Each structure stands twice: as structure tokens, then as C-alpha cells.
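Remember, it's a predicted structure, so these values are computed and weren't measured experimentally. The chains referred to below are lettered A, B, ... by the order of the sequence lines, with proteins before strands, and numbering in each begins at 1.
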Protein chains: 2
Amino acid sequence: MGWFSKDIATMDDLFVHTLQDIYYAENQIKKALPDMVEKATSPDLKRGFETHLRETEGQITRLKEVFRLHGVEEKGVTCPAIDGILEEANDVAGEVEDKQVLDAALIAAAQAAEHYEITRYGTLVAWAKQLGRNDCASLLKQNLDEEAATDEKLTKLALDGINRKAA
Amino acid sequence: MGWFSKDIATMDDLFVHTLQDIYYAENQIKKALPDMVEKATSPDLKRGFETHLRETEGQITRLKEVFRLHGVEEKGVTCPAIDGILEEANDVAGEVEDKQVLDAALIAAAQAAEHYEITRYGTLVAWAKQLGRNDCASLLKQNLDEEAATDEKLTKLALDGINRKAA
């Protein structure tokens with residue numbers, strides 16, 4: 001971003017900037033997931049992360065389509081938010097030895113990333129509609145719904161783990 | 001955190017670490033909110049941020065009580081996630097000239113912070129219950145409910161703005 005000019009003049013600029021932000025974020029998550037698959041111990045959690053990796057690839061494809069429909073170049077902008085969320089996930093996971101505690105930490109980290117995506121897609125859907133881009137809104141809504149479903153699955157896995165431990 | 005040892009050995013350690021993380025996050029949000037009050041143009045949004053500043057102070061008081069109940073020192077640990085979210089909010093806000101676009105950007109930034117808090121409090125409530133700390137869970141749940149209500153209010157403000165513009 002420029003230091004000497006205000007680069008976001010319109011709602012359209014803000015929409016495109018946020019699209020570039022989530023595009024970068026999805027690509028960073030795609031890079032981070034194989035490591036989470038490897039670190040996870042519970043077979044259900046491993047499978048959950050594998051499924052989410054495939055979903056993330058599909059979400060990136062939808063974002064490329066949104067760029068195309070909106071007639072702007074497909075590119076990312078560095079997103080300090082997702083970088084911070086993934087850095088924190090990595091830091092904490094590196095501190096945990098016990099497998100069960102590590103699974104709990106991995107679920108919490110993944111949910112933090114999901115919630116970042118949920119808030120950004122929620123915003124993008126509203127702005128796309130405001131800009132009269134119902135075609136883009138519909139694709140972004142599909143990503144939003146997938147992220148919300150993944151977050152719910154992770155909550156279920158967390159509670160299952162807790163209940164198993166308590167049993 | 002140490003470089004030569006795994007510092008998080010148990011679920012209790014993970015709970016305390018995450019408590020320190022959200023304690024740091026709430027304090028950073030408390031510092032960021034007066035600037036957001038100042039930048040907001042819509043009187044409703046200004047008032048919303050002012051209300052949330054007072055709520056944040058109450059949430060910090062509850063967190064202090066959770067530290068006390070759990071018998072651990074009240075302190076924060078640097079949370080790269082909230083630092084990234086607030087850095088991004090600041091970067092984007094600095095790029096926007098138009099008042100209406102800036103309000104939309106501020107709402108989106110605030111919702112990203114809310115969602116970070118929602119996911120952390122959701123996790124902390126579950127872990128507190130798992131650790132048999134229903135007293136802590138109850139206080140953390142109050143913070144969770146407030147954050148979720150704030151997020152809903154922000155969604156409403158965003159849609160009101162959009163509808164006003166469309167009218």
C-alpha cells in the first residue's frame with residue numbers, strides 16, 4: 001500500500017482489497033494445513049484437517065472466479081491478521097508435548113483461523129450485494145457456509161475429545 | 001516462552017496460556033478503541049465503540065477474577081493474532097479518505113477482533129468446564145455472550161449503513 005496516497009477511495013476498492021486479503025489468507029492456510037495434519041494424533045482430527053485442505057483448495061478456486069467476474073487481477077495482499085493467527089498456532093503447538101493437549105491446541109488454532117475467515121466472508125458477502133454483484137456474493141456465501149460448517153465440526157471434535165477423556 | 005523446554009505440559013497449562021493470550025488481547029483492544037471512536041463518522045457507530053470500550057473494561061475485570069479463582073498470576077502473553085488484526089485495521093483505515101467507506105472498514109475491522117474473541121472465549125469456556133472450573137466457565141461465558149452480542153450489533157450497523165446508502 002502506498003505511503004503518500006489514500007489507496008482505498010470507494011466501497012469497490014475496499015471490497016477488492018478485502019478479497020485480496022482473504023485470497024492471501026486462504027493460500028497461507030493451505031500451506032499450513034499439511035503440517036497440522038501431520039501433528040494431529042486423533043484420526044478424526046487428522047481426517048478433518050485433510051478434508052479442510054481439499055475444501056480450502058475449492059475455496060481458492062471460487063475466489064479466483066470472483067476476481068474474474070469482478071474484472072480485477074487475481075492477487076493477494078499480505079494479511080497480518082492471518083499471519084498472526086498462524087504464527088500463534090505454530091508457537092503454541094511447538095510448546096506442547098502431550099498428544100491429547102496438542103490436539104486440543106490444534107483444534108483451538110484451527111477455530112481461530114475459521115473465525116477469521118467467517119468474519120471476512122460475512123463482510124464480503126454484504127459488500128458484494130451492496131455493489132450489485134450477486135454473482136460474487138453467491139460464491140462468497142458458499143465459502144462462508146463451508147467455513148461455518150468446519151467450525152462446527154471442530155467444536156464437535158473438541159467436545160468429543162473432552163467427553164472421551166471424562167469417560 | 002522457553003526455547004529449550006516444552007512449557008505447556010497439561011490442559012491446565014494450555015488453559016492458563018490461552019487466558020493470558022485473551023487478557024493481552026482485551027488490553028490491546030481497550031487501547032485501540034478510543035482511536036476507533038474518533039475515526040468513526042456515524043453517531044451510532046461512535047456510540048457503539050464507546051459502549052464496547054466500557055464492556056471491554058468489564059471483561060478485563062472478569063478475566064482478573066478468573067485468574068484469581070484459578071490461583072494464577074494475572075498477566076498477559078503477547079498474542080500475534082490480535083496484534084495482526086489490529087495492525088491490519090490500522091493499515092486499512094489509514095488508506096481510506098471517504099467517511100462512509102471508512103465506517104464500513106472500521107466495522108469490518110471491529111468484527112474481525114470480535115470473532116477472534118468469540119473463538120477464544122468459546123474454547124476457554126469448554127476447557128474451564130473440562131478442568132472442573134465451572135466458576136471460571138461462568139465468567140468466561142458472560143464475556144463470550146457480550147462479544148457475540150457486539151458482533152450482531154455491528155452486523156446490524158453495517159446493514160443499516162448499506163440500506164441507508166441504497167435508499
Side-chain angles (χ1 to χ4, degrees), chain A residues 1-2 5-15 17-18 21 78-89 91-98 100-102 104-105 107-109 111-120 122-124 126-127 129-130 151 155 158-159 161-163 165-166, chain B residues 1-2 5-15 17-18 21 78-89 91-98 100-102 104-105 107-109 111-120 122-124 126-127 129-130 151 155 158-159 161-163 165-166:
Chain A
M1 306 220 116
S5 65
K6 303 266 184 176
D7 286 346
I8 300 173
T10 64
M11 277 309 297
D12 198 288
D13 295 339
L14 187 60
F15 174 72
H17 176 83
T18 307
D21 173 289
T78 302
C79 161
I82 201 71
D83 285 345
I85 289 168
L86 295 176
E87 181 191 334
E88 191 167 318
D91 285 355
V92 172
E95 293 292 326
V96 181
E97 187 92 53
D98 179 273
Q100 202 156 19
V101 178
L102 181 56
I107 292 174
Q111 288 195 291
E114 287 313 305
H115 270 270
Y116 182 72
E117 298 179 277
I118 288 169
T119 187
R120 286 294 179 231
T123 294
L124 282 166
W127 289 347
K129 285 183 188 163
Q130 178 182 359
D151 183 54
T155 296
L159 294 178
I162 287 171
N163 293 338
K165 206 187 156 174
Chain B
M1 304 219 116
S5 64
K6 304 265 186 178
D7 285 345
I8 300 174
T10 64
M11 278 308 298
D12 197 289
D13 295 340
L14 187 59
F15 173 72
H17 177 82
T18 307
D21 173 288
T78 303
C79 161
I82 201 70
D83 283 345
I85 289 167
L86 295 176
E87 181 190 332
E88 192 167 318
D91 285 355
V92 173
E95 293 292 326
V96 182
E97 188 92 55
D98 179 272
Q100 201 156 20
V101 178
L102 181 56
I107 291 174
Q111 288 196 289
E114 285 314 304
H115 270 271
Y116 182 74
E117 297 179 277
I118 288 170
T119 187
R120 286 295 179 231
T123 295
L124 282 167
W127 289 348
K129 285 183 188 163
Q130 178 182 358
D151 182 55
T155 296
L159 295 178
I162 288 171
N163 294 337
K165 207 190 157 172

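The shortest side-chain heavy-atom distance between V92(B) and L14(A) falls under the 4.5 Å cut-off. Proximity of D21(B) to E88(A): side-chain heavy atoms (C-beta onward) are separated by under 4.5 Å at one or more points. Put simply, the side chain of I8(B) reaches to within 4.5 Å of the side chain of V101(A), judged on heavy atoms.
Distance OG1/T119(B) to OH/Y116(A): 14.5 Å, rounded to 0.5 Å. In this structure, CD on Q111(B) lies 9.5 Å from CZ on R120(A), to the nearest 0.5 angstrom. Atoms CG and NZ, from L159(A) and K129(B) in turn, are 8.5 Å apart once rounded to the nearest 0.5 Å. Distance check, rounded to the nearest 0.5 Å: CD of E87(B) to OG1 of T78(A) gives 10.0 Å. The line from NE2 of H115(B) to CG of D151(A) is 9.5 Å long, rounded to the nearest 0.5 Å. Taking CD of Q100(A) as the start and CE of M11(B) as the end, the distance is 8.5 Å to the nearest 0.5 Å.
Heavy-atom pairs under 4.5 Å with chain A were tallied for A126(B), G122(B), A104(B); the largest tally goes to A104(B). Counting heavy-atom pairs closer than 4.5 Å to chain B, the top-ranked of the candidates A81(A), A108(A), A112(A) is A81(A).
Looking at L86(B), neither its backbone nor its side chain comes within 4.5 Å of chain A, counting heavy atoms on both sides.
Considering all non-hydrogen atoms of both residues, D91(B) and P80(A) come closest at OD2-CG, 4.5 Å.
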